[in-house]
Amino acid sequence: MNVKVICVGKIKEPYVRKLIERCVKELNRSCRLEIIELKDEKTPDGASEKEEDRIQEIEGERILKRIPEGSIVIPLCIDGKQMTSDELRHKWEKWNRQRDTEVAFVIGGSLGLCSAVQRKGAFKLSFSAMTFPHQLMRLILLEQLVYAAGRKEE
């Protein structure tokens with residue numbers, strides 16, 4: 001199985017990068033994982049709703065260009081479906097049984113994902129009704145994928 005994590009923004013904190021690298025190493029034992037970091041647009045202070053929509057669209061265009069044709073797209077959205085770790089593991093196992101499956105998880109920037117990216121999804125996934133920084137969300141997603149791929153809890 002090929003797994004892509006397409007995300008807006010870079011990881012700046014060394015301790016978060018180290019934790020992410022550990023997850024990537026673990027995941028590469030069970031799938032081909034690629035993390036694609038895309039440039040985030042700066043949001044000016046006091047940006048209007050129209051300006052924020054345009055920023056989402058610019059980031060969305062970058063994301064859509066990087067989603068492989070025919071892949072199962074899972075955008076992470078606050079209004080998405082919440083599931084348990086075991087439910088995600090069940091989906092992972094189903095995808096892994098399919099031949100030549102490509103799964104693309106998408107994490108937006110600080111303004112979230114534009115509607116075009118959300119519509120591309122097989123389903124929208126939410127980890128909580130709370131908002132998390134996109135850097136932390138990447139780590140949370142990867143930790144859950146490590147669990148789904150079969151790592152036993154430490």
Measuring from atom [atom1] of [X] to atom [atom2] of [Y], what distance do you get when rounded to the nearest 0.5 angstrom?
| X | Y | atom1 | atom2 | value |
| --- | --- | --- | --- | --- |
| I58 | C114 | CD1 | SG | 11.0 Å |
| K18 | R22 | NZ | CZ | 10.5 Å |
| C7 | Q135 | SG | CD | 10.0 Å |
| E143 | S85 | CD | OG | 10.5 Å |
| E102 | R32 | CD | CZ | 8.5 Å |
| T101 | W95 | OG1 | CH2 | 9.5 Å |

Practice task
Walk me through it: do R138 and I35 pass the test side-chain contact (heavy atoms from CB on, under 4.5 Å)?
Solution key: CA-CA 10 Å; R138 189 182 319 180; I35 296 177; 3.7 Å; yes

Handout entry: Salt bridge flag under 4.0 Å for residues E87 and R89
Key =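 Not counted as a salt bridge, because no side-chain N and carboxylate O are separated by less than 4.0 Å.
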
Handout entry: Basic-acidic side-chain contact under 4.0 Å: R54, E57
Key = yes

Hey, quick one: are [X] and [Y] part of the same hydrophobic cluster, counting side-chain heavy atoms closer than 4.5 Å, chains of contacts allowed?
| X | Y | value |
| --- | --- | --- |
| F105 | V146 | yes |
| L141 | V117 | no |
| L27 | V5 | yes |

State, yes or no, whether a side-chain contact exists between [X] and [Y] at a heavy-atom distance under 4.5 Å.
| X | Y | answer |
| --- | --- | --- |
| I6 | I107 | no |
| V106 | L76 | no |
| D40 | E59 | yes |
| C23 | L139 | yes |
| V16 | L136 | no |
| F123 | K91 | yes |
| V8 | H134 | no |
| V3 | S30 | no |

Is [X] reaching over with its side chain to a backbone N or O of [Y], donor-acceptor style, under 3.5 angstrom?
| X | Y | answer |
| --- | --- | --- |
| N96 | W92 | no |
| D100 | M1 | no |
| R17 | I11 | yes |
| E51 | S48 | yes |

Can you name the closest pair of heavy atoms from [X] and [Y] and give their distance?
| X | Y | result |
| --- | --- | --- |
| K4 | R66 | CD-O, 4.5 Å |
| S126 | I78 | OG-O, 3.2 Å |
| Q56 | L111 | NE2-O, 2.5 Å |
| L113 | C77 | CD1-SG, 4.1 Å |
| T43 | S110 | OG1-OG, 4.3 Å |
| A129 | Q82 | N-NE2, 3.4 Å |

Problem - Evaluation steps, side-chain contact (heavy atoms from CB on, under 4.5 Å), between V103 and V73 - result: CA-CA 6 Å; V103 181; V73 180; over 6 Å; no

Handout entry: Residue E13 excluded, over 12 heavy atoms near CD under 6.0 Å
Key = yes

Exercise for the section: Tell me, yes or no, whether the heavy-atom count around K25 atom NZ, taken from other residues, nucleotides or ligands under 6.0 Å, exceeds 12. Expected result: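 No, not enclosed.
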
Problem - Of all pairs that satisfy salt bridge (Lys or Arg N to Asp or Glu O under 4.0 Å), the ones with a partner from residues 108-134, not counting sequence neighbours - result: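 Sorted pair list: D79-K124.
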
Exercise for the section: Please step through side-chain contact (heavy atoms from CB on, under 4.5 Å) for the pair M83 and L125, ending with a clear verdict. Expected result: CA-CA 8 Å; M83 56 178 55; L125 178 62; 3.8 Å; yes

Exercise for the section: Please test R62 against E37 for salt bridge (charged side-chain N to carboxylate O under 4.0 Å, His left out), starting from the C-alpha separation and ending with a verdict. Expected result: CA-CA 10 Å; R62 290 182 188 138; E37 289 184 336; over 6 Å; no

Practice task
Start with the C-alpha gap between Y147 and L88, add the side-chain angles, then the distance that decides, and say whether side-chain contact (heavy atoms from CB on, under 4.5 Å) holds.
Solution key: CA-CA 9 Å; Y147 176 81; L88 182 59; over 6 Å; no

